[in-house]
**Student:** 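Attaching a single structure in structure tokens format; questions to follow.
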Amino acid sequence: NAGVTQTPKFRVLKTGQSMTLLCAQDMNHEYMYWYRQDPGMGLRLIHYSVGEGTTAKGEVPDGYNVSRLKKQNFLLGLESAAPSQTSVYFCASSYNSGLYEQYFGPGTRLTVT
Amino acid sequence: GENVEQHPSTLSVQEGDSAVIKCTYSDSASNYFPWYKQELGKGPQLIIDIRSNVGEKKDQRIAVTLNKTAKHFSLHITETQPEDSAVYFCAASMAGYQKVTFGIGTKLQVIP
């Protein structure tokens with residue numbers, strides 16, 4: 001099993017460009033999450049999904065959109081990138097609610113210039 | 001919503017010594033407290049967790065204690081080794097809650 005994979009691993013964008021980050025999991029998990037990690041700020045939840053076809057806002061959703069068309073995939077979109085979105089992005093999945101272990105992907109390092 | 005505070009933000013110990021990281025939470029309904037370890041360049045990974053019906057849990061050199069009255073929980077690492085150097089996150093969640101609230105992390109450095 002590959003667990004949770006993220007594509008791409010690194011990306012540099014110019015302000016105003018758009019991109020999509022792909023997260024895939026092969027554990028048949030219901031819940032999936034997108035976090036951003038910035039120095040001194042820990043892990044902040046952007047959006048999450050509790051099942052195929054569902055999405056919900058987390059702590060810092062502005063400037064991001066998500067989709068969960070297939071159970072195994074969770075996409076994070078940036079429509080018009082800003083320097084404030086420079087960060088490391090982690091995807092995670094869990095079997096069920098917040099009472100279960102979250103399995104994290106290796107992260108995507110995004111730089112917006 | 002839930003708020004989790006974690007300290008210290010950085011911790012340096014000599015190899016073989018013990019390390020303790022402390023967290024407090026705000027919502028008394030929280031009943032699940034996982035700890036994650038993040039090595040450089042990798043995603044966080046669960047190392048131990050505790051639920052509110054248990055006061056202490058051990059797994060080899062790591063242990064977690066929970067004080068529900070005071071709303072705080074701690075991670076204890078004994079006989080530290082260089083491979084314990086990483087960032088550690090505490091977190092809290094509760095039944096019916098779809099999310100986990102993380103602390104800001106503690107960077108542990110074990111000096112050989």
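Predicted model only: the values in this text are computed from it and were never measured. Quick note on labels: first sequence line is chain A, next is B, and so on, each numbered from 1.
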**Student:** Relative to the ring of A:Tyr31, is the ring of A:Tyr33 parallel (under 30°), tilted (30 to 60°) or perpendicular (over 60°)?
**Tutor:**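 Geometry flag for A:Tyr31 against A:Tyr33: tilted rings.
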**Student:** I'd like to verify something: which residue of B:Val87, B:Asp49, B:Leu46, B:Asn31 has the highest number of heavy-atom pairs under 4.5 Å with chain A?
**Tutor:**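 Of the candidates given, the most pairs with chain A belong to B:Leu46.
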**Student:** Once you round to the nearest 0.5 Å, how far does CG of B:Leu108 lie from OG1 of B:Thr10?
**Tutor:**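 B:Leu108 CG to B:Thr10 OG1: 10.0 Å, rounded to 0.5 Å.
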**Student:** Between A:Tyr100 and chain B, with a heavy-atom cut-off of 4.5 Å, which part of the residue counts as in contact: side chain, backbone, both or neither?
**Tutor:**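 Contact with chain B is through the backbone of A:Tyr100 alone.
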**Student:** Just distance, no hydrogens or angles: give the donor-acceptor pairs under 3.5 Å from side chains in residues 44-54 of chain A, sequence neighbours left out.
**Tutor:**
| unit_1 | atom_1 | unit_2 | atom_2 | d |
| --- | --- | --- | --- | --- |
| A:Arg44 | NH2 | A:Asp38 | OD2 | 2.8 |
| A:His47 | ND1 | A:Ala56 | O | 3.3 |
| A:His47 | NE2 | A:Tyr64 | O | 3.3 |
| A:Tyr48 | OH | B:Gln98 | OE1 | 3.0 |
| A:Ser49 | OG | A:Gly51 | N | 3.3 |
| A:Ser49 | OG | A:Gly51 | O | 2.9 |
| A:Ser49 | OG | A:Thr54 | O | 2.7 |
| A:Ser49 | OG | A:Thr54 | OG1 | 3.3 |
| A:Ser49 | OG | A:Arg68 | NH1 | 2.8 |
| A:Glu52 | OE1 | A:Lys71 | N | 3.3 |
| A:Thr54 | OG1 | A:Val50 | N | 3.1 |
| A:Thr54 | OG1 | A:Gly51 | N | 3.1 |
| A:Thr54 | OG1 | A:Gly51 | O | 2.8 |

**Student:** Can you tell which part of B:Pro34 gets under 4.5 Å to a heavy atom of chain A, answering side chain, backbone, both or neither?
**Tutor:**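 Answer is neither: B:Pro34 stays 4.5 Å or more from chain A.
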**Student:** Would you say that A:Thr15 contacts A:Val112 through its side chain, given a criterion of any heavy-atom pair below 4.5 Å between the two side chains?
**Tutor:**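 SC-SC contact between A:Thr15 and A:Val112 confirmed.
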**Student:** Do the rings of B:Phe73 and B:Trp35 sit parallel, tilted or perpendicular, given the 30° and 60° boundaries?
**Tutor:**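 Judged by the thresholds at 30° and 60°, the geometry between B:Phe73 and B:Trp35 is perpendicular.
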**Student:** Do A:Leu76 and A:Tyr89 come close enough that some side-chain heavy atom pair is under 4.5 Å?
**Tutor:**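 They are in contact (side-chain heavy atoms under 4.5 Å apart), so the answer is yes.
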**Student:** Tell me, with the steps shown, if A:His29 and A:Ser93 meet side-chain hydrogen bond (donor to acceptor under 3.5 Å, both in side chains).
**Tutor:** CA-CA 6 Å; A:His29 285 168; A:Ser93 72; 2.8 Å; yes
**Student:** Hey, which residues of residues 2-9 of chain B are touching chain A, say heavy atoms under 4.5 Å apart?
**Tutor:**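 Within residues 2-9 of chain B, near chain A: nothing under 4.5 Å.
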**Student:** Heavy-atom distance under 4.5 Å to chain A: side chain of B:Tyr36, backbone, both or neither?
**Tutor:**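 Side chain only.
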**Student:** Considering only heavy atoms, which portion of A:Gln37 lies under 4.5 Å from any heavy atom of chain B: side chain, backbone, both, or neither?
**Tutor:**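 Contact with chain B involves the side chain of A:Gln37 alone.
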**Student:** With a 4.5 angstrom heavy-atom cut-off, is it the side chain or the backbone of B:Lys99 that approaches chain A, or both, or neither?
**Tutor:**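 Answer is both: backbone and side chain atoms of B:Lys99 are under 4.5 Å from chain A.
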**Student:** Is the closest side-chain heavy-atom distance between A:Leu21 and A:Trp34 below 4.5 Å?
**Tutor:**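 A side-chain contact under 4.5 Å exists here.
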**Student:** In the structure I gave you, are the side-chain heavy atoms of B:Ser12 and B:Ile111 within less than 4.5 Å of one another anywhere?
**Tutor:**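 Counting from C-beta outward, B:Ser12 and B:Ile111 do come under 4.5 Å.
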